[in-house]
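In what follows, residues are counted from 1 in the order of the sequence shown.
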Amino acid sequence: MNLTRTNQTKAAITAVGGYVPETILSNEDLEKMVDTNDAWITSRTGIKERRILKDKATSFLAIEAANDLILKHQVNPESIDLVLVATITPDMPVAATAAYVASSIGANNAFAYDLSAACSGFLYGMSTSAAYINSGRYKKVLLIGADKMSSIVDYTDRTTCIIFGDGAGAVLFEPSSNEHGWEDEYFRSNGNDRMSLRVKAGGSLHPTTRETVENQWHNIEQDGKTVFKYAVTEMAHATEQIIKRNDLKGEDISYLVPHQANKRIVDATAKRIGLKDDQVLMNIAYYGNTTAATIPLLLNDYKSKIKKGDKLIFAAFGGGFTWGAAYLSWAY
Ligand code: UT7
């Protein structure tokens with residue numbers, strides 16, 4: 001079903017910020033840690049290096065990204081109504097990371113909560129933010145995607161440690177002052193395959209015990225081939241649905257803004273909808289897969305290129321499984 005179109009206010013992204021830590025973990029560094037090599041990682045994933053946060057937590061990444069947005073766009077933090085943090089690596093299992101982030105950036109009039117949907121977290125958070133603005137309930141929603149993936153990666157497992165990195169990005173949603181903004185979304189999930197990409201322990205299914213720690217059940221594990229297959233099929237399908245029902249053609253789309261999990265997954269999606277390379281935003285080579293942070297980090301890296309009225313198609317696939325695509329026209 002298409003997004004219900006009414007005379008409600010349109011939600012627009014009006015500001016963008018981002019942050020990645022300084023420490024670089026390159027493919028050459030990983031060659032010294034596990035049995036892998038730069039050629040394999042580059043050809044199978046498109047990743048050359050990723051950033052690693054030392055000694056600090058996910059909130060640090062989120063605060064840096066939010067402050068970058070606040071400073072560059074001169075946003076008064078006291079005017080923010082809601083702070084949402086999309087993450088699967090909260091500072092602690094209990095105590096919303098978003099609340100700490102909101103207090104730390106001076107968003108003293110905001111309420112705040114975390115949103116967890118793995119690699120689709122930011123995309124789903126965009127839908128939540130847009131809905132609050134569309135309804136007229138709030139005027140300023142700060143959405144942050146932040147993950148310290150290095151905190152749940154086993155650096156002796158070559159099938160996962162080459163993929164993930166740390167980072168954060170932030171966007172501000174406000175009522176649009178023109179005709180541009182959030183246009184449409186197509187989201188799905190399938191919990192039957194949740195074990196294909198998971199952190200097995202630390203929740204209510206397997207509370208932390210000596211055994212769960214010894215068995216490394218607190219690290220991220222995946223059946224890479226299954227995830228890859230689903231991601232290619234579903235990201236492309238969701239994107240096609242959005243394009244068809246909004247009567248868009250390949251040449252109408254300014255940019256595909258895809259979750260950065262694997263360059264081959266993105267290439268397959270872009271090919272299916274007939275996009276050229278210069279219509280696809282990519283930065284996986286420098287950051288790897290930063291989970292909830294990939295999409296806002298793309299917006300931050302390419303913000304000088306994106307112009308008012310540009311038609312952006314977002315797409316993501318992640319643990320759960322969760323996935324979807326969305327259409328937004330850029331408002332500033
Ligand atoms: O955001 C959602 C989160 N995750 C994803 O989207 C990940 C989706 N999956 C993938 O991106 C890919 O499946 C991987 C990058 C994880 C793996 O790539 P692949 O092309 O599917 O490789 P594979 O698992 O089929 O493994 C091929 C070979 C195997 O060796 P054999 O059995 O053919 O001898 C692996 O043992 O490559 C081997 N291998 C490696 N070799 C060098 C696996 N990992 C590595 C490695 N370095 N790091």
I'd like to check [X] versus [Y] (side-chain heavy atoms, cut-off strictly below 4.5 Å). Are they in contact?
X      : Y      : value
Leu142 : Ile105 : yes
Thr160 : Asp157 : yes
Glu234 : Thr269 : no
Met33  : Leu25  : yes
Trp182 : Met126 : yes
Leu30  : Cys161 : yes
Met149 : Ile220 : yes
Val20  : Arg50  : no

| task | Take Ile144 and Val101, measure what side chain to side chain contact (heavy atoms under 4.5 Å, CB included) needs, and give me the verdict at the end. | result | CA-CA 10 Å; Ile144 306 166; Val101 172; 3.7 Å; yes
Hydrophobic clustering (ILVMFWY, side-chain heavy atoms < 4.5 Å, transitive) - are [Y] and [X] grouped together?
X      : Y      : result
Ile163 : Tyr286 : no
Leu172 : Ile63  : yes
Val141 : Val171 : yes
Tyr155 : Ile47  : yes
Tyr287 : Val153 : no

| task | Verify ring pair (Phe, Tyr, Trp, His ring centres under 6.0 Å) between Tyr302 and Tyr255, making sure each step is shown before the conclusion. | result | CA-CA 10 Å; Tyr302 286 91; Tyr255 300 110; 7.3 Å; no
Main-chain N/O of [Y] paired with [X] side-chain donor or acceptor, under 3.5 Å:
X      : Y      : result
Lys307 : Ser304 : yes
Ser135 : Ala131 : yes
Ser254 : Leu312 : no
Thr42  : Gly46  : no
Arg272 : Glu240 : no
Asn215 : Trp217 : no
Asp29  : Ser26  : yes
Arg51  : Pro21  : yes
Asn109 : Glu78  : yes
Arg158 : Val34  : no

| request: Kindly indicate, with the supporting measurements, whether the criterion salt bridge (charged side-chain N to carboxylate O under 4.0 Å, His left out) is fulfilled by Lys72 and Asp68. | output: CA-CA 6 Å; Lys72 289 201 180 119; Asp68 181 51; 2.6 Å; yes
Compute whether any side-chain donor of one residue and acceptor of the other, for [X] and [Y], lie under 3.5 angstrom apart.
X      : Y      : result
Thr290 : Asp147 : no
His218 : Thr212 : yes
Asp223 : Thr226 : yes
Glu64  : Asn67  : no
Thr58  : Thr87  : no
Asp91  : Ser59  : yes
Gln222 : Thr159 : no

Please indicate whether [X] has more than 12 foreign heavy atoms, meaning atoms of other residues, nucleotides or ligands, lying under 6.0 Å from its [atom1].
X      : atom1 : answer
Asn108 : CG    : yes
Lys200 : NZ    : yes
Glu22  : CD    : no

Measure the acute angle between the ring planes of [X] and [Y], then classify it against the limits of 30° and 60° as parallel, tilted or perpendicular.
X      : Y      : result
Trp323 : Phe317 : parallel
Tyr186 : His237 : perpendicular
Tyr230 : Phe321 : tilted

For the student: nearest non-hydrogen atoms of [X] and [Y], plus distance:
X      : Y      : result
Leu281 : Pro258 : O-CD, 3.3 Å
Asn178 : Lys308 : ND2-CE, 3.5 Å
Leu123 : Ala326 : CD1-CB, 4.0 Å
Gln260 : Val266 : NE2-CG2, 4.5 Å
His259 : Thr294 : ND1-OG1, 2.7 Å
Arg194 : Leu205 : NH2-CD2, 4.2 Å

| Can you list the steps and then say if Asp81 with Lys139 is a salt bridge (charged side-chain N to carboxylate O under 4.0 Å, His left out)? | CA-CA 7 Å; Asp81 300 304; Lys139 296 265 180 279; over 6 Å; no
| request: Just do the side chain to side chain contact (heavy atoms under 4.5 Å, CB included) check on Asp38 and Lys48 with the steps written out, would you? | output: CA-CA 7 Å; Asp38 174 52; Lys48 297 299 278 184; 3.2 Å; yes
Quick one: pull up [atom1] in [X] and [atom2] in [Y] and give me the separation to the nearest 0.5 Å.
X      : Y      : atom1 : atom2 : answer
Asn283 : Leu297 : CG    : CG    : 6.5 Å
Leu298 : Ile284 : CG    : CD1   : 9.5 Å
Glu174 : Lys140 : CD    : NZ    : 4.0 Å
Lys148 : Leu53  : NZ    : CG    : 4.5 Å
Ile88  : Arg198 : CD1   : CZ    : 13.0 Å
Asn134 : Lys10  : CG    : NZ    : 9.5 Å

| said: Between Lys263 and Asp267, does any side-chain N to carboxylate O distance fall below 4.0 Å? | reply: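 Yes, charged N to carboxylate O under 4.0 Å.
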| said: By the ring-ring contact (aromatic ring centres under 6.0 Å, His included) test, which pairs, at least two apart or in different chains, include something from residues 24-60? | reply: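 Listed once each, the pairs are Tyr19-Phe60.
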| said: side chain to side chain contact (heavy atoms under 4.5 Å, CB included) for Asn219 and Val199? Distances and angles first, verdict last. | reply: CA-CA 6 Å; Asn219 291 322; Val199 174; over 6 Å; no
